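Below, read A as the first sequence line, B as the second, and so on, with proteins coming before strands; counting in each chain starts at 1. These figures come from a predicted structure and were not determined experimentally.
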There are 2 protein chains.
Amino acid sequence: MNMQAEATDTRTAHAAAFADLDFDLLRRYVQVIRHKLTADQYLYHAGQPFQALYFVHSGCLKTVELADDGRDQVTGFRMRGDLLGIESIGLRQHACSAVALEQGEVWELPYPAMLTACRELPELQAKLTAALAEQIRQDHAWMLNVGTLNAEQRVASFLVDVAARYARLGYSARHFILRMRRTDMANFLALKHETVSRAMTRLDDLRLIAVERREVRVLDDAGLRRMAAGCAS
Amino acid sequence: MNMQAEATDTRTAHAAAFADLDFDLLRRYVQVIRHKLTADQYLYHAGQPFQALYFVHSGCLKTVELADDGRDQVTGFRMRGDLLGIESIGLRQHACSAVALEQGEVWELPYPAMLTACRELPELQAKLTAALAEQIRQDHAWMLNVGTLNAEQRVASFLVDVAARYARLGYSARHFILRMRRTDMANFLALKHETVSRAMTRLDDLRLIAVERREVRVLDDAGLRRMAAGCAS
DNA sequence: CGAACACTTGATGGACTTCAACCACGGTGG
DNA sequence: CCACCGTGGTTGAAGTCCATCAAGTGTTCG
(Lines give C-alpha, C1' and ligand atoms only; values in the text may rest on other atoms or scores of the structure.)
Protein backbone atom coordinates (compact mmCIF):
# COMPACT_ATOMS: atom_id res chain seq x y z
CA MET A 1 0.00 0.00 0.00
CA ASN A 2 2.24 2.78 -1.17
CA MET A 3 -0.19 5.49 -2.25
CA GLN A 4 1.10 7.50 0.69
CA ALA A 5 4.80 8.08 1.07
CA GLU A 6 4.81 7.61 4.79
CA ALA A 7 1.65 6.81 6.64
CA THR A 8 1.81 3.57 4.75
CA ASP A 9 -0.42 1.99 7.29
CA THR A 10 -2.69 4.88 8.07
CA ARG A 11 -4.02 3.15 11.14
CA THR A 12 -0.66 3.06 12.85
CA ALA A 13 0.67 6.44 11.85
CA HIS A 14 -2.01 7.73 14.18
CA ALA A 15 -2.26 10.64 16.55
CA ALA A 16 1.00 9.62 18.18
CA ALA A 17 2.41 12.62 16.36
CA PHE A 18 1.69 14.23 19.69
CA ALA A 19 4.15 11.97 21.44
CA ASP A 20 7.15 14.06 20.43
CA LEU A 21 5.62 17.26 21.73
CA ASP A 22 7.80 19.63 23.75
CA PHE A 23 5.97 19.52 27.05
CA ASP A 24 8.40 21.83 28.80
CA LEU A 25 7.57 24.50 26.28
CA LEU A 26 3.87 23.73 26.45
CA ARG A 27 3.86 24.10 30.21
CA ARG A 28 4.60 27.80 29.79
CA TYR A 29 1.14 28.24 28.36
CA VAL A 30 -0.87 25.37 29.75
CA GLN A 31 -1.13 24.04 33.26
CA VAL A 32 -0.69 20.33 32.68
CA ILE A 33 -2.47 18.29 35.34
CA ARG A 34 -1.53 14.69 36.01
CA HIS A 35 -4.19 12.08 36.74
CA LYS A 36 -3.67 8.53 37.84
CA LEU A 37 -6.26 6.08 36.56
CA THR A 38 -7.23 2.64 37.78
CA ALA A 39 -8.74 -0.13 35.68
CA ASP A 40 -12.37 0.48 34.67
CA GLN A 41 -12.21 4.10 35.78
CA TYR A 42 -13.96 6.63 33.57
CA LEU A 43 -11.78 9.52 32.45
CA TYR A 44 -14.90 11.28 31.22
CA HIS A 45 -18.50 10.37 30.52
CA ALA A 46 -20.47 11.28 27.43
CA GLY A 47 -22.53 14.33 28.33
CA GLN A 48 -20.09 15.76 30.85
CA PRO A 49 -18.78 19.28 30.16
CA PHE A 50 -15.92 19.29 27.72
CA GLN A 51 -13.09 21.28 29.27
CA ALA A 52 -9.84 19.56 28.41
CA LEU A 53 -7.92 17.25 26.14
CA TYR A 54 -5.92 14.40 27.64
CA PHE A 55 -2.54 13.08 26.69
CA VAL A 56 -2.04 9.42 27.54
CA HIS A 57 1.22 8.99 29.40
CA SER A 58 0.81 5.35 30.33
CA GLY A 59 -1.82 2.66 30.31
CA CYS A 60 -4.54 1.94 27.79
CA LEU A 61 -8.05 3.36 27.44
CA LYS A 62 -11.06 2.74 25.24
CA THR A 63 -13.45 5.35 23.86
CA VAL A 64 -17.10 4.37 23.78
CA GLU A 65 -19.85 5.96 21.75
CA LEU A 66 -23.32 5.44 23.14
CA ALA A 67 -26.86 5.95 21.92
CA ASP A 68 -29.77 6.93 24.14
CA ASP A 69 -31.37 3.55 23.53
CA GLY A 70 -28.47 1.77 25.20
CA ARG A 71 -26.50 0.68 22.17
CA ASP A 72 -22.79 1.21 22.59
CA GLN A 73 -19.79 1.04 20.31
CA VAL A 74 -16.12 1.03 21.15
CA THR A 75 -14.62 3.52 18.70
CA GLY A 76 -10.97 3.05 19.58
CA PHE A 77 -8.20 2.23 22.00
CA ARG A 78 -5.62 4.80 23.12
CA MET A 79 -2.12 4.24 24.42
CA ARG A 80 0.93 6.28 25.36
CA GLY A 81 1.35 9.27 23.08
CA ASP A 82 -2.28 9.33 22.00
CA LEU A 83 -4.58 12.27 22.51
CA LEU A 84 -8.04 11.89 24.03
CA GLY A 85 -11.04 14.16 23.82
CA ILE A 86 -10.38 15.71 20.44
CA GLU A 87 -13.62 14.27 19.13
CA SER A 88 -15.51 16.68 21.39
CA ILE A 89 -13.85 19.86 20.17
CA GLY A 90 -16.48 22.40 19.23
CA LEU A 91 -19.02 20.95 21.65
CA ARG A 92 -19.87 21.91 25.19
CA GLN A 93 -20.19 18.31 26.30
CA HIS A 94 -18.21 15.20 25.60
CA ALA A 95 -19.55 13.21 22.65
CA CYS A 96 -18.36 9.88 24.04
CA SER A 97 -16.90 8.23 27.11
CA ALA A 98 -13.32 7.24 27.85
CA VAL A 99 -12.57 4.32 30.15
CA ALA A 100 -9.23 3.03 31.43
CA LEU A 101 -8.55 -0.65 30.68
CA GLU A 102 -5.74 -0.83 33.21
CA GLN A 103 -4.02 1.50 35.59
CA GLY A 104 -2.20 4.36 33.96
CA GLU A 105 -1.64 8.07 33.87
CA VAL A 106 -3.06 10.82 31.67
CA TRP A 107 -2.10 14.46 31.48
CA GLU A 108 -4.98 16.88 31.40
CA LEU A 109 -4.59 19.81 29.00
CA PRO A 110 -7.25 22.47 29.74
CA TYR A 111 -8.76 23.36 26.39
CA PRO A 112 -9.09 27.15 26.74
CA ALA A 113 -5.39 27.36 27.58
CA MET A 114 -4.63 25.06 24.66
CA LEU A 115 -6.49 27.40 22.35
CA THR A 116 -4.41 30.40 23.35
CA ALA A 117 -1.25 28.31 23.28
CA CYS A 118 -2.09 27.35 19.71
CA ARG A 119 -2.03 31.03 18.77
CA GLU A 120 1.47 31.41 20.18
CA LEU A 121 2.83 28.10 18.98
CA PRO A 122 2.01 27.40 15.33
CA GLU A 123 3.70 24.08 15.79
CA LEU A 124 1.16 23.10 18.41
CA GLN A 125 -1.74 24.16 16.22
CA ALA A 126 -0.32 22.10 13.39
CA LYS A 127 0.03 19.05 15.57
CA LEU A 128 -3.47 19.32 16.90
CA THR A 129 -4.86 19.67 13.40
CA ALA A 130 -2.75 16.75 12.24
CA ALA A 131 -4.01 14.64 15.14
CA LEU A 132 -7.61 15.40 14.17
CA ALA A 133 -7.03 14.52 10.52
CA GLU A 134 -5.18 11.37 11.49
CA GLN A 135 -8.11 10.32 13.64
CA ILE A 136 -10.39 10.67 10.63
CA ARG A 137 -8.09 8.50 8.54
CA GLN A 138 -7.95 5.91 11.29
CA ASP A 139 -11.75 5.82 11.43
CA HIS A 140 -12.00 5.52 7.66
CA ALA A 141 -9.54 2.63 7.71
CA TRP A 142 -11.77 1.00 10.32
CA MET A 143 -14.82 1.51 8.10
CA LEU A 144 -12.99 -0.12 5.23
CA ASN A 145 -12.07 -3.10 7.37
CA VAL A 146 -15.44 -3.60 8.97
CA GLY A 147 -17.21 -3.04 5.68
CA THR A 148 -15.14 -5.46 3.62
CA LEU A 149 -13.48 -8.06 5.85
CA ASN A 150 -14.92 -11.15 7.48
CA ALA A 151 -14.47 -12.01 11.14
CA GLU A 152 -11.09 -13.73 10.89
CA GLN A 153 -9.67 -11.02 8.68
CA ARG A 154 -10.88 -8.29 11.00
CA VAL A 155 -9.25 -9.93 13.99
CA ALA A 156 -6.03 -10.43 12.02
CA SER A 157 -6.11 -6.81 10.96
CA PHE A 158 -6.66 -5.74 14.54
CA LEU A 159 -3.68 -7.74 15.73
CA VAL A 160 -1.45 -6.33 13.00
CA ASP A 161 -2.50 -2.87 14.08
CA VAL A 162 -1.87 -3.53 17.76
CA ALA A 163 1.53 -5.01 16.96
CA ALA A 164 2.48 -1.94 14.96
CA ARG A 165 1.44 0.35 17.79
CA TYR A 166 3.55 -1.59 20.27
CA ALA A 167 6.49 -1.48 17.87
CA ARG A 168 6.11 2.28 17.59
CA LEU A 169 6.30 2.54 21.36
CA GLY A 170 9.45 0.48 21.43
CA TYR A 171 7.89 -2.78 22.56
CA SER A 172 7.91 -6.09 20.78
CA ALA A 173 5.58 -6.45 17.83
CA ARG A 174 6.04 -10.22 18.03
CA HIS A 175 4.91 -10.85 21.55
CA PHE A 176 2.47 -8.74 23.51
CA ILE A 177 -0.38 -8.77 25.98
CA LEU A 178 -3.72 -7.47 24.87
CA ARG A 179 -5.07 -4.85 27.23
CA MET A 180 -8.74 -5.34 26.49
CA ARG A 181 -11.23 -8.13 27.03
CA ARG A 182 -12.61 -10.14 24.16
CA THR A 183 -15.87 -8.28 24.56
CA ASP A 184 -14.18 -4.94 23.92
CA MET A 185 -12.31 -6.27 20.90
CA ALA A 186 -15.53 -7.76 19.60
CA ASN A 187 -17.51 -4.58 20.10
CA PHE A 188 -14.80 -2.56 18.38
CA LEU A 189 -14.74 -4.97 15.43
CA ALA A 190 -18.53 -5.15 15.19
CA LEU A 191 -18.55 -8.83 16.20
CA LYS A 192 -19.54 -10.89 19.24
CA HIS A 193 -16.97 -12.07 21.72
CA GLU A 194 -17.56 -15.73 20.85
CA THR A 195 -16.75 -14.95 17.23
CA VAL A 196 -13.54 -13.17 18.18
CA SER A 197 -12.60 -16.11 20.37
CA ARG A 198 -13.15 -18.54 17.52
CA ALA A 199 -11.24 -16.34 15.10
CA MET A 200 -8.30 -16.22 17.49
CA THR A 201 -8.14 -19.99 17.86
CA ARG A 202 -8.48 -20.29 14.08
CA LEU A 203 -5.48 -17.99 13.58
CA ASP A 204 -3.72 -20.13 16.13
CA ASP A 205 -4.63 -23.34 14.26
CA LEU A 206 -3.27 -21.77 11.08
CA ARG A 207 0.03 -21.15 12.90
CA LEU A 208 -0.18 -17.43 12.22
CA ILE A 209 -0.19 -16.64 15.92
CA ALA A 210 0.00 -18.41 19.26
CA VAL A 211 -2.71 -17.29 21.63
CA GLU A 212 -3.25 -17.93 25.26
CA ARG A 213 -5.99 -15.74 26.57
CA ARG A 214 -4.62 -12.20 26.27
CA GLU A 215 -1.08 -13.22 25.44
CA VAL A 216 -0.34 -13.14 21.72
CA ARG A 217 2.75 -14.30 19.86
CA VAL A 218 3.00 -13.50 16.16
CA LEU A 219 4.42 -16.58 14.44
CA ASP A 220 3.93 -15.64 10.79
CA ASP A 221 3.86 -11.90 10.36
CA ALA A 222 3.56 -11.98 6.59
CA GLY A 223 0.79 -14.55 6.77
CA LEU A 224 -1.07 -12.51 9.33
CA ARG A 225 -0.81 -9.42 7.16
CA ARG A 226 -2.00 -11.37 4.17
CA MET A 227 -4.99 -12.48 6.19
CA ALA A 228 -5.56 -8.90 7.35
CA ALA A 229 -5.65 -7.76 3.74
CA GLY A 230 -8.43 -9.29 1.74
CA CYS A 231 -6.58 -12.49 0.86
CA ALA A 232 -8.94 -15.44 0.90
CA SER A 233 -6.25 -17.96 1.84
CA MET B 1 -19.68 30.59 14.85
CA ASN B 2 -21.65 29.47 17.79
CA MET B 3 -19.63 26.48 19.07
CA GLN B 4 -22.86 24.66 18.45
CA ALA B 5 -25.00 24.31 21.46
CA GLU B 6 -27.11 21.71 19.72
CA ALA B 7 -25.41 18.97 17.73
CA THR B 8 -27.75 16.54 19.42
CA ASP B 9 -27.77 14.52 16.26
CA THR B 10 -24.08 14.54 15.59
CA ARG B 11 -24.51 13.13 12.12
CA THR B 12 -26.50 16.07 10.88
CA ALA B 13 -24.74 18.90 12.66
CA HIS B 14 -21.83 18.03 10.39
CA ALA B 15 -19.16 20.05 8.72
CA ALA B 16 -21.78 22.36 7.27
CA ALA B 17 -20.53 24.82 9.88
CA PHE B 18 -18.46 25.94 6.94
CA ALA B 19 -21.54 26.93 5.01
CA ASP B 20 -21.86 30.27 6.79
CA LEU B 21 -18.28 31.25 6.07
CA ASP B 22 -17.55 34.77 4.89
CA PHE B 23 -16.15 34.00 1.46
CA ASP B 24 -15.64 37.65 0.57
CA LEU B 25 -13.33 37.98 3.52
CA LEU B 26 -11.64 34.66 2.77
CA ARG B 27 -10.93 35.74 -0.80
CA ARG B 28 -8.54 38.39 0.52
CA TYR B 29 -6.23 35.62 1.61
CA VAL B 30 -7.09 32.69 -0.59
CA GLN B 31 -7.58 32.48 -4.31
CA VAL B 32 -10.81 30.55 -4.55
CA ILE B 33 -11.01 28.55 -7.76
CA ARG B 34 -14.31 27.32 -9.13
CA HIS B 35 -14.63 23.90 -10.71
CA LYS B 36 -17.61 22.45 -12.51
CA LEU B 37 -18.07 18.72 -12.12
CA THR B 38 -20.03 16.22 -14.17
CA ALA B 39 -21.49 12.95 -12.92
CA ASP B 40 -18.90 10.26 -12.18
CA GLN B 41 -16.05 12.74 -12.44
CA TYR B 42 -13.24 12.36 -9.90
CA LEU B 43 -12.46 15.51 -7.94
CA TYR B 44 -9.30 13.83 -6.70
CA HIS B 45 -7.87 10.33 -6.61
CA ALA B 46 -6.28 8.64 -3.63
CA GLY B 47 -2.54 9.00 -4.06
CA GLN B 48 -2.66 12.32 -5.90
CA PRO B 49 -0.78 15.21 -4.31
CA PHE B 50 -2.80 16.93 -1.63
CA GLN B 51 -2.84 20.64 -2.38
CA ALA B 52 -6.26 22.00 -1.57
CA LEU B 53 -9.50 21.63 0.30
CA TYR B 54 -12.78 21.87 -1.56
CA PHE B 55 -16.00 23.53 -0.58
CA VAL B 56 -19.06 21.97 -2.17
CA HIS B 57 -21.19 24.69 -3.72
CA SER B 58 -23.68 22.43 -5.47
CA GLY B 59 -24.18 18.80 -6.34
CA CYS B 60 -23.34 15.71 -4.35
CA LEU B 61 -20.11 13.73 -4.07
CA LYS B 62 -18.99 10.52 -2.40
CA THR B 63 -15.64 9.88 -0.75
CA VAL B 64 -14.17 6.43 -1.27
CA GLU B 65 -11.45 4.75 0.73
CA LEU B 66 -9.57 2.03 -1.11
CA ALA B 67 -7.17 -0.72 -0.23
CA ASP B 68 -4.41 -1.95 -2.51
CA ASP B 69 -6.14 -5.30 -2.82
CA GLY B 70 -9.13 -3.70 -4.50
CA ARG B 71 -11.50 -3.44 -1.55
CA ASP B 72 -13.28 -0.14 -1.43
CA GLN B 73 -15.49 1.61 1.05
CA VAL B 74 -17.68 4.67 0.63
CA THR B 75 -16.92 6.75 3.72
CA GLY B 76 -19.42 9.53 3.17
CA PHE B 77 -21.51 11.75 0.93
CA ARG B 78 -20.96 15.50 0.70
CA MET B 79 -23.40 18.20 -0.31
CA ARG B 80 -23.59 21.98 -0.44
CA GLY B 81 -21.76 23.57 2.48
CA ASP B 82 -19.60 20.52 3.16
CA LEU B 83 -15.84 20.56 3.07
CA LEU B 84 -13.83 17.97 1.14
CA GLY B 85 -10.23 16.89 1.52
CA ILE B 86 -9.81 17.56 5.22
CA GLU B 87 -9.08 13.88 5.82
CA SER B 88 -5.78 14.32 3.95
CA ILE B 89 -4.46 17.20 6.04
CA GLY B 90 -0.97 16.42 7.22
CA LEU B 91 -0.26 14.11 4.28
CA ARG B 92 1.41 14.79 0.99
CA GLN B 93 -1.08 12.73 -0.94
CA HIS B 94 -4.82 12.28 -0.74
CA ALA B 95 -5.86 9.42 1.50
CA CYS B 96 -9.06 8.72 -0.43
CA SER B 97 -10.90 9.59 -3.61
CA ALA B 98 -13.80 11.96 -4.17
CA VAL B 99 -16.29 11.34 -6.98
CA ALA B 100 -19.20 13.47 -8.13
CA LEU B 101 -22.57 11.70 -8.17
CA GLU B 102 -24.17 14.35 -10.35
CA GLN B 103 -23.14 17.60 -11.95
CA GLY B 104 -22.21 20.32 -9.53
CA GLU B 105 -19.66 22.90 -8.56
CA VAL B 106 -16.89 22.91 -5.98
CA TRP B 107 -14.65 25.73 -4.85
CA GLU B 108 -11.01 24.89 -4.54
CA LEU B 109 -9.23 26.38 -1.53
CA PRO B 110 -5.44 26.00 -1.93
CA TYR B 111 -4.19 24.61 1.33
CA PRO B 112 -0.98 26.64 1.80
CA ALA B 113 -3.00 29.83 1.45
CA MET B 114 -5.58 28.44 3.86
CA LEU B 115 -2.85 27.85 6.40
CA THR B 116 -1.68 31.43 6.32
CA ALA B 117 -5.25 32.68 6.29
CA CYS B 118 -5.85 30.67 9.44
CA ARG B 119 -3.12 32.64 11.17
CA GLU B 120 -4.82 35.91 10.29
CA LEU B 121 -8.38 34.80 10.88
CA PRO B 122 -8.80 32.92 14.16
CA GLU B 123 -12.40 32.39 13.20
CA LEU B 124 -11.33 30.45 10.13
CA GLN B 125 -8.96 28.32 12.15
CA ALA B 126 -11.73 27.58 14.61
CA LYS B 127 -14.11 26.57 11.85
CA LEU B 128 -11.60 24.29 10.23
CA THR B 129 -10.85 22.62 13.54
CA ALA B 130 -14.56 22.31 14.26
CA ALA B 131 -15.12 20.74 10.85
CA LEU B 132 -12.44 18.15 11.54
CA ALA B 133 -13.86 17.29 14.95
CA GLU B 134 -17.36 17.12 13.53
CA GLN B 135 -16.16 14.70 10.88
CA ILE B 136 -14.81 12.45 13.62
CA ARG B 137 -18.15 12.51 15.42
CA GLN B 138 -19.96 11.72 12.20
CA ASP B 139 -17.68 8.75 11.60
CA HIS B 140 -18.18 7.52 15.16
CA ALA B 141 -21.94 7.77 14.77
CA TRP B 142 -21.57 5.68 11.63
CA MET B 143 -19.54 3.10 13.53
CA LEU B 144 -22.24 2.92 16.16
CA ASN B 145 -24.89 2.38 13.53
CA VAL B 146 -23.03 -0.20 11.49
CA GLY B 147 -21.88 -1.98 14.63
CA THR B 148 -25.26 -2.22 16.31
CA LEU B 149 -28.07 -1.95 13.76
CA ASN B 150 -29.43 -4.51 11.34
CA ALA B 151 -29.97 -3.84 7.64
CA GLU B 152 -33.42 -2.27 7.88
CA GLN B 153 -32.41 -0.06 10.76
CA ARG B 154 -29.28 1.10 8.99
CA VAL B 155 -31.23 2.06 5.92
CA ALA B 156 -33.82 3.86 8.04
CA SER B 157 -31.05 5.69 9.86
CA PHE B 158 -29.49 6.67 6.56
CA LEU B 159 -32.76 8.08 5.28
CA VAL B 160 -33.33 10.06 8.47
CA ASP B 161 -29.86 11.50 8.08
CA VAL B 162 -30.35 12.39 4.44
CA ALA B 163 -33.70 14.01 5.25
CA ALA B 164 -32.09 16.12 7.97
CA ARG B 165 -29.36 17.26 5.61
CA TYR B 166 -31.90 18.30 3.02
CA ALA B 167 -33.89 20.14 5.68
CA ARG B 168 -30.76 21.97 6.75
CA LEU B 169 -30.24 23.11 3.16
CA GLY B 170 -33.78 24.37 2.97
CA TYR B 171 -35.23 21.51 0.97
CA SER B 172 -38.04 19.20 1.96
CA ALA B 173 -37.23 16.52 4.50
CA ARG B 174 -40.42 14.71 3.52
CA HIS B 175 -39.82 14.23 -0.15
CA PHE B 176 -36.46 13.99 -1.84
CA ILE B 177 -34.47 12.28 -4.55
CA LEU B 178 -31.50 10.19 -3.53
CA ARG B 179 -28.38 11.20 -5.37
CA MET B 180 -26.59 7.89 -5.18
CA ARG B 181 -27.18 4.41 -6.58
CA ARG B 182 -28.23 1.52 -4.39
CA THR B 183 -24.72 0.16 -4.71
CA ASP B 184 -23.22 3.30 -3.17
CA MET B 185 -25.74 3.33 -0.34
CA ALA B 186 -25.06 -0.34 0.27
CA ASN B 187 -21.31 0.07 0.27
CA PHE B 188 -21.58 2.99 2.68
CA LEU B 189 -23.82 0.99 5.00
CA ALA B 190 -21.67 -2.13 4.79
CA LEU B 191 -24.41 -4.09 3.01
CA LYS B 192 -25.09 -5.40 -0.48
CA HIS B 193 -27.29 -3.52 -2.89
CA GLU B 194 -29.87 -6.30 -2.91
CA THR B 195 -30.17 -6.03 0.85
CA VAL B 196 -30.66 -2.27 0.66
CA SER B 197 -33.28 -2.77 -2.02
CA ARG B 198 -35.15 -5.26 0.16
CA ALA B 199 -34.89 -3.01 3.20
CA MET B 200 -36.34 -0.12 1.22
CA THR B 201 -39.32 -2.12 0.04
CA ARG B 202 -39.79 -3.39 3.61
CA LEU B 203 -39.89 0.19 4.92
CA ASP B 204 -42.36 0.88 2.16
CA ASP B 205 -44.50 -2.12 3.16
CA LEU B 206 -44.48 -0.82 6.74
CA ARG B 207 -45.81 2.51 5.45
CA LEU B 208 -42.86 4.38 6.91
CA ILE B 209 -41.83 5.64 3.49
CA ALA B 210 -42.96 5.47 -0.11
CA VAL B 211 -40.16 4.53 -2.46
CA GLU B 212 -39.93 4.51 -6.19
CA ARG B 213 -36.38 3.95 -7.28
CA ARG B 214 -34.50 7.02 -6.05
CA GLU B 215 -37.56 9.01 -5.09
CA VAL B 216 -38.36 8.83 -1.39
CA ARG B 217 -41.36 10.16 0.49
CA VAL B 218 -41.32 10.02 4.27
CA LEU B 219 -44.79 8.96 5.43
CA ASP B 220 -44.15 8.32 9.12
CA ASP B 221 -41.24 10.36 10.35
CA ALA B 222 -41.54 9.27 13.98
CA GLY B 223 -41.82 5.65 12.95
CA LEU B 224 -38.80 5.93 10.71
CA ARG B 225 -36.78 7.48 13.52
CA ARG B 226 -37.91 4.74 15.86
CA MET B 227 -36.71 2.20 13.36
CA ALA B 228 -33.43 4.10 12.95
CA ALA B 229 -32.89 3.92 16.70
CA GLY B 230 -32.58 0.40 17.99
CA CYS B 231 -36.31 -0.20 18.38
CA ALA B 232 -37.16 -3.76 17.45
CA SER B 233 -40.67 -3.00 16.23
C1' DC C 1 -12.28 -21.53 49.08
C1' DG C 2 -15.90 -20.05 46.42
C1' DA C 3 -18.04 -16.64 43.57
C1' DA C 4 -17.66 -13.70 39.76
C1' DC C 5 -15.75 -12.92 35.61
C1' DA C 6 -13.33 -13.93 31.30
C1' DC C 7 -12.64 -17.06 27.78
C1' DT C 8 -13.55 -21.20 25.02
C1' DT C 9 -16.21 -24.49 22.54
C1' DG C 10 -20.38 -26.72 20.63
C1' DA C 11 -25.05 -26.80 18.45
C1' DT C 12 -28.66 -24.34 16.22
C1' DG C 13 -30.97 -20.75 13.85
C1' DG C 14 -31.31 -16.55 11.34
C1' DA C 15 -29.82 -12.58 8.70
C1' DC C 16 -27.45 -11.28 5.10
C1' DT C 17 -24.95 -12.70 0.85
C1' DT C 18 -24.71 -14.86 -3.36
C1' DC C 19 -26.40 -16.27 -7.66
C1' DA C 20 -29.79 -15.61 -10.94
C1' DA C 21 -33.65 -13.92 -13.39
C1' DC C 22 -36.42 -10.24 -14.45
C1' DC C 23 -38.18 -5.44 -15.02
C1' DA C 24 -37.88 -0.40 -15.87
C1' DC C 25 -35.76 3.33 -17.83
C1' DG C 26 -32.79 6.12 -21.05
C1' DG C 27 -30.03 6.59 -24.75
C1' DT C 28 -28.43 5.22 -29.51
C1' DG C 29 -28.66 4.07 -34.00
C1' DG C 30 -30.67 1.45 -37.70
C1' DC D 1 -40.05 5.40 -34.51
C1' DC D 2 -38.88 1.62 -32.14
C1' DA D 3 -35.69 -2.23 -31.64
C1' DC D 4 -31.75 -2.73 -29.06
C1' DC D 5 -28.58 -2.54 -25.37
C1' DG D 6 -26.60 -1.09 -21.00
C1' DT D 7 -27.31 0.32 -16.47
C1' DG D 8 -29.78 0.38 -12.25
C1' DG D 9 -33.22 -1.65 -9.48
C1' DT D 10 -36.22 -5.39 -7.73
C1' DT D 11 -37.31 -10.00 -6.44
C1' DG D 12 -36.65 -15.04 -5.61
C1' DA D 13 -34.05 -19.29 -3.99
C1' DA D 14 -30.11 -21.31 -1.98
C1' DG D 15 -26.04 -21.00 0.76
C1' DT D 16 -22.83 -19.10 4.28
C1' DC D 17 -21.26 -16.79 8.01
C1' DC D 18 -22.07 -15.04 12.19
C1' DA D 19 -25.22 -14.50 16.30
C1' DT D 20 -27.44 -16.79 19.74
C1' DC D 21 -28.05 -20.01 23.33
C1' DA D 22 -25.86 -23.04 26.29
C1' DA D 23 -22.38 -25.49 28.78
C1' DG D 24 -17.98 -25.91 30.60
C1' DT D 25 -13.05 -24.43 31.81
C1' DG D 26 -9.77 -21.36 33.72
C1' DT D 27 -8.41 -17.27 36.39
C1' DT D 28 -8.70 -13.72 39.73
C1' DC D 29 -9.85 -11.80 43.88
C1' DG D 30 -12.52 -10.96 47.95
Side-chain angles (χ1 to χ4, degrees), chain A residues 38-40 60 62 71-74 99 101-103 145-159 177-206 209-216 227 230 232-233, chain B residues 38-40 60 62 71-74 99 101-103 145-159 177-206 209-217 227 230 232:
Chain A
T38 60
D40 298 322
C60 185
K62 64 176 172 181
R71 288 144 51 216
D72 64 328
Q73 176 68 36
V74 174
V99 190
L101 296 177
E102 57 181 343
Q103 66 177 22
N145 282 339
V146 166
T148 59
L149 298 180
N150 66 26
E152 267 174 40
Q153 295 167 333
R154 273 182 237 179
V155 171
S157 169
F158 179 77
L159 293 175
I177 310 289
L178 293 170
R179 257 58 209 207
M180 69 293 292
R181 300 169 305 172
R182 291 283 185 271
T183 309
D184 290 323
M185 267 181 70
N187 186 310
F188 177 64
L189 297 173
L191 298 168
K192 294 297 165 186
H193 72 272
E194 296 97 325
T195 306
V196 170
S197 194
R198 278 185 252 268
M200 298 277 275
T201 60
R202 185 85 218 294
L203 295 178
D204 188 309
D205 291 347
L206 292 171
I209 59 174
V211 190
E212 205 175 319
R213 299 174 78 67
R214 295 197 188 180
E215 187 177 2
V216 177
M227 174 71 80
S233 69
Chain B
T38 60
D40 298 322
C60 185
K62 64 175 173 181
R71 290 145 48 216
D72 64 330
Q73 176 68 37
V74 173
V99 190
L101 297 176
E102 55 181 345
Q103 66 177 23
N145 282 339
V146 166
T148 61
L149 298 180
N150 65 27
E152 268 173 40
Q153 295 167 332
R154 272 181 238 179
V155 170
S157 168
F158 179 77
L159 293 175
I177 309 289
L178 294 170
R179 256 58 208 207
M180 70 291 295
R181 301 169 304 173
R182 291 284 184 270
T183 309
D184 289 324
M185 269 182 68
N187 185 311
F188 178 63
L189 297 172
L191 297 168
K192 294 297 165 186
H193 72 271
E194 296 96 327
T195 307
V196 170
S197 194
R198 279 185 251 268
M200 297 277 275
T201 60
R202 184 85 216 295
L203 295 178
D204 188 308
D205 291 347
L206 291 171
I209 59 174
V211 191
E212 204 175 321
R213 301 180 128 268
R214 296 197 187 179
E215 187 176 3
V216 176
R217 229 173 267 273
M227 174 71 79

Asks: Whether the side chain of R182(B) engages the backbone of S197(B) through a donor-acceptor N/O pair (distance < 3.5 Å, no angle test) should be reported.
Replies: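 Not a single qualifying donor-acceptor pair exists.
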Asks: Could you measure the distance from the CG atom of L203(B) to the CD atom of E152(B)? Nearest 0.5 Å is fine.
Replies: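 Taking CG in L203(B) and CD in E152(B), the distance rounds to 6.0 Å.
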Asks: Measure from the side-chain N and O atoms of R71(A) to the backbone N and O of T148(B), and report whether any donor-acceptor pair falls under 3.5 Å.
Replies: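 Judged by distance alone, no pair lies under 3.5 Å.
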Asks: Taking R181(A) for its side chain and R214(A) for its backbone only, find out whether a donor-acceptor pair lies under 3.5 Å.
Replies: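 Judged by distance alone, no pair lies under 3.5 Å.
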Asks: Could you tell me, to 10°, how much the axis swings from one end of the helix from dC1(C)-dG30(D) to dG30(C)-dC1(D) to the other, five pairs per end?
Replies: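 Helix axis angle between the two ends: 30°.
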Asks: So, E102(A) side chain and R179(A) main chain: donor-acceptor pair closer than 3.5 Å or not?
Replies: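 Not at all, since once roles are kept as given, no pair shorter than 3.5 Å links the two residues.
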Asks: Can you tell me how far CG of D184(B) sits from NE2 of H193(B), rounded to the nearest 0.5 angstrom?
Replies: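 That separation rounds to 11.5 Å.
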Asks: One character per nucleotide, please: for nucleotides 7-15 of chain C, 5' to 3', B when the base has a protein heavy atom closer than 4.0 Å, S when only the sugar-phosphate does, - otherwise.
Replies: SBBBB----
Asks: Hey, does the side chain of D204(A) reach the backbone of A210(A) with a donor-acceptor pair shorter than 3.5 angstrom?
Replies: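 Judged by distance alone, no pair lies under 3.5 Å.
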Asks: Between which nucleotides of DNA chain D, read 5' to 3', does contact with chain B run, using atoms under 4.0 Å from its heavy atoms?
Replies: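 The contact span of chain B on DNA chain D goes from dG8(D) to dA13(D).
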Asks: R202(B) vs D205(B), test: salt bridge (charged side-chain N to carboxylate O under 4.0 Å, His left out). Steps then yes/no.
Replies: CA-CA 5 Å; R202(B) 184 85 216 295; D205(B) 291 347; 5.3 Å; no
Asks: Ignoring hydrogens and geometry, is there a side-chain-to-backbone donor-acceptor pair from E215(B) to E212(B) under 3.5 Å?
Replies: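 Checked: no pair found.
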Asks: Looking at OG1 of T183(A) and CG of L191(A), how far apart are the two atoms once the value is rounded to the nearest 0.5 Å?
Replies: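 Reported value, rounded in 0.5 Å steps: 12.0 Å.
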